[in-house]
Amino acid sequence: MLACAALLGAAGCGSLPTVSGLKVLARKGRPFVIVQTDKALGWGVANHPILCRVSDRRIAVSYWVAGDGAYSGTAPVPWPAYSDDDGKTWQFGDPYTWRGEKPPPELSALAKGEQFNNYNFGYFMGAARWASGERIAHARYAEKTIPRTIEVVRSPDGVQWEGPVKAPFNFPELFQYEPQYLVLEQKAVTMPDGRVLVVLCGGLDDPKGDATFLFESRDRGSSYNLLSVVATAADAPWGLEGVNEPVLALMPNGDLLVVTRTGAQWTGSGTAVAEPMLSARSTDGGLTWEHRKMSIRGVMPKLEVMSDGTVVLATGRPGNRLYFSTDNGRTWGAPVVLTPDSMRTSGYCDVMEVSPGRLLAIYDSMDTDLSGIWLWEPQEVNGILGVFVDVKKLF
C-alpha cells in the first residue's frame with residue numbers, strides 16, 4: 001500500500017483507497033492548446049467542448065463558437081477541430097467526408113470571421129458504432145413537431161457520411177409527462193443485440209424541472225421509442241433544475257449507468273460550484289432505475305468505459321476533474337485535477353480512450369492566460385486545452 005502511495009505521488013495522479021484499496025494509477029501529461037481566441041471574448045466563446053469519434057482514425061471536437069446560446073452571428077474562431085493522430089495534432093474544418101450535398105456551414109464547418117445562422121454544435125451527439133463499422137451521429141435539439149424529430153447522419157462504411165434524415169422520437173399515447181423540449185448531448189450506447197440507446201433531457205411543468213428519458217432504436221437510428229423515464233426532479237430534491245445533461249454508459253457487468261447534473265447557480269465568474277449529481281442505475285436493461293445522490297458535484301458529466309473495464313467520469317464546477325471506478329461506477333476514487341478551482345472555466349470537459357490505457361481529456365479556460373500556465377506576462381484569452389492521462393489498473 002505504501003509503495004502504491006509513493007507511485008501515486010511521483011506520478012502526480014489521483015486515486016483514493018476504496019473498500020478494496022488503491023486500484024488505479026493515473027499519470028497526467030502536460031496540457032496543450034487545441035483552439036484559442038486572440039482576446040478575451042467572454043462566456044461560451046471557444047468553450048463547452050464535446051468530443052466525438054467520427055471514424056476509426058478521426059476524433060472531432062465541437063464547442064460553442066460565439067457564446068453560450070449564440071445560434072447566429074460571426075465566428076470569432078474556426079469550428080470544429082479534428083485530429084487524425086489520437087489528439088496529438090489538430091486542424092480545423094469539416095471532419096466528415098460526405099456523399100452527396102454537404103450540410104450548410106453552421107452544421108459542418110465555420111471559418112474565423114464567417115457569418116452563421118442556426119448553429120447547434122453540428123452532428124456530434126449520440127454517436128454510435130456497430131461491429132460492422134457502420135456509424136451514426138445526431139444533432140443536438142429535437143424539433144418541436146409531433147412526433148419530435150432529431151436529424152441523424154449515417155456512415156454505412158464508417159468513412160463516408162450521408163444525410164441528414166429526421167428520426168422520430170416517439171412517446172406512448174397518453175404519456176404522463178409532456179416535455180417542452182428534448183436535448184441530446186451525449187454518446188449513444190450500442191447494445192450487444194444491435195439496439196441503440198440514448199438519453200435525452202426535457203423540461204416538465206409537473207413535476208417542475210428537467211427530466212431524463214431513455215429511448216431505444218431497433219432500426220439503427222432511423223426511429224426511437226421511449227423505453228423509460230430515468231429520473232425526474234422528484235428523484236433529486238436537493239437540486240435546482242431537475243435532472244439534465246445526462247450521460248449513459250454500459251458497464252462491464254451489463255448494468256446501465258446514467259449520471260446527471262442537478263443544478264448550478266449562475267455566477268458568471270467561471271469558478272462556480274454545482275450541486276451534487278444524481279446517479280441512476282438499471283440492472284434490467286433500462287426498464288427500471290435505482291437513484292443515488294452522489295458526493296461528486298458537477299455539470300455535463302461524461303462517462304468512458306476503458307478497454308480494461310475501468311470507468312472514467314469527467315465533470316467540472318468546480319474546476320475540471322476526472323474520477324475513476326473499478327466496480328462498475330458504484331464507487332469513485334479521488335479526482336485527477338485537470339484545472340484548479342481558481343481557474344475560470346465552464347466546467348464542461350470530456351474524455352476519450354484513444355489507445356489502450358491512454359485517455360485524451362479536454363477542457364476549456366475562460367478569460368484565462370493560456371500561455372501564462374507556463375510563462376509570465378499573462379494575457380486574458382479563451383481556449384480549449386487537451387491533456388493525455390495514462391491509466392493503469394494496479395490489480
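All heavy atoms count here, side chains included; hydrogens, waters and symmetry mates do not. Not measured: the values here are computed from a predicted model.
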Side chains of [X] and [Y] in contact at under 4.5 Å (non-hydrogen atoms):
X: S55; Y: V159; answer: no
X: V183; Y: L200; answer: no
X: S325; Y: T310; answer: no
X: S155; Y: D157; answer: yes
X: P179; Y: F213; answer: yes
X: L313; Y: W332; answer: yes
X: V299; Y: R317; answer: yes
X: M300; Y: Q186; answer: yes

Do you see a donor-acceptor pair shorter than 3.5 Å between the side chains of [X] and [Y]?
X: E275; Y: T262; result: no
X: T37; Y: N382; result: no
X: S307; Y: E353; result: yes
X: S346; Y: N47; result: no
X: N225; Y: N170; result: yes
X: D210; Y: T212; result: no

Ring centres under 6.0 Å, that's the criterion: do [X] and [Y] meet it?
X: F388; Y: F32; answer: yes
X: H48; Y: Y363; answer: no
X: F215; Y: F171; answer: yes
X: F169; Y: Y224; answer: yes

Quiz item: Would L51 and I59 satisfy side chain to side chain contact (heavy atoms under 4.5 Å, CB included), going step by step from the backbone distance to the final call?
Solution: CA-CA 7 Å; L51 278 167; I59 301 166; 3.6 Å; yes

Self-check item: NZ or CZ of R220 within 45° of W130 ring axis and under 6.0 Å
Solution: yes

Exercise. Look at the side-chain heavy atoms of Ile, Leu, Val, Met, Phe, Trp and Tyr, link any pair under 4.5 Å apart, and say whether V247 and M294 land in one connected group.
Key: yes

Quiz item: Does one hydrophobic cluster hold both M277 and M251, with members joined at side-chain heavy-atom distances below 4.5 Å?
Solution: yes

Exercise. Please assess M306 against K393 for the test side chain to side chain contact (heavy atoms under 4.5 Å, CB included), listing each intermediate value before the final yes or no.
Key: CA-CA 10 Å; M306 299 183 67; K393 186 186 292 185; over 6 Å; no

Quiz prompt | F175/L226 under side chain to side chain contact (heavy atoms under 4.5 Å, CB included): CA gap, chis, key distance, verdict | solution = CA-CA 10 Å; F175 182 56; L226 182 73; 3.4 Å; yes

Name the orientation class of the two ring planes belonging to [X] and [Y] (parallel below 30°, tilted from 30 to 60°, perpendicular beyond 60°).
X: F124; Y: W79; result: perpendicular
X: Y96; Y: W98; result: tilted
X: F121; Y: W64; result: perpendicular

Is any side-chain N of the basic residue among [X] and [Y] closer than 4.0 Å to the acidic one's carboxylate O?
X: R27; Y: D390; value: no
X: R154; Y: E162; value: no
X: D86; Y: R58; value: no

Quiz item: Who pairs with E241 by salt bridge (charged side-chain N to carboxylate O under 4.0 Å, His left out), at least two apart in sequence or on another chain?
Solution: R261

Self-check item: Check against salt bridge (charged side-chain N to carboxylate O under 4.0 Å, His left out), D341 and R321
Solution: CA-CA 10 Å; D341 295 358; R321 304 167 188 269; 2.3 Å; yes

Self-check item: CG-CG distance between L25 and L394, expressed to the nearest 0.5 angstrom
Solution: 5.5 Å

Practice problem: Step by step, work out the salt bridge (charged side-chain N to carboxylate O under 4.0 Å, His left out) result for K302 and E304. | Solution: CA-CA 7 Å; K302 306 292 178 65; E304 178 80 346; over 6 Å; no

List the residues meeting side-chain contact (heavy atoms from CB on, under 4.5 Å) with [X], not counting sequence neighbours, and say none if there are none.
X: E151; answer: L107, Y123, A139, E143, P164, K166
X: R129; answer: D56, R135
X: A127; answer: C52

Practice problem: For R330 and E290, run salt bridge (charged side-chain N to carboxylate O under 4.0 Å, His left out): C-alpha distance rounded to whole Å, both residues' side-chain angles, the deciding distance at 0.1 Å, then the answer. | Solution: CA-CA 12 Å; R330 293 190 178 276; E290 299 176 356; 5.2 Å; no

Self-check item: N328 and R281: CA distance, side-chain angles, deciding distance, side chain to side chain contact (heavy atoms under 4.5 Å, CB included) verdict
Solution: CA-CA 10 Å; N328 300 288; R281 181 180 299 271; 4.1 Å; yes

Exercise. Give the intermediate values and the outcome of side chain to side chain donor-acceptor pair (under 3.5 Å) for residues Q115 and T74.
Key: CA-CA 4 Å; Q115 296 291 313; T74 302; 2.3 Å; yes

Keeping the roles fixed (side chain from [X], backbone from [Y]), state whether a donor-acceptor pair exists under 3.5 Å.
X: S83; Y: W90; answer: no
X: E106; Y: Y119; answer: no
X: T283; Y: D255; answer: no

Quiz prompt | Residues clustering with L287 (ILVMFWY side chains joined when closer than 4.5 Å, directly or via others) | solution = V189, M191, L197, V199, L214, L227, V230, L248, L250, L256, V258, W289

Quiz item: Who else is in the cluster with V243 when I, L, V, M, F, W and Y are joined by side-chain contacts under 4.5 Å?
Solution: W238, L278

Self-check item: Heavy-atom neighbours of K88 NZ exceed 12 at 6.0 Å
Solution: yes

Practice problem: Quickly, which of T260, I296, L257 forms a side chain to side chain contact (heavy atoms under 4.5 Å, CB included) with S279? Name it, please. | Solution: L257

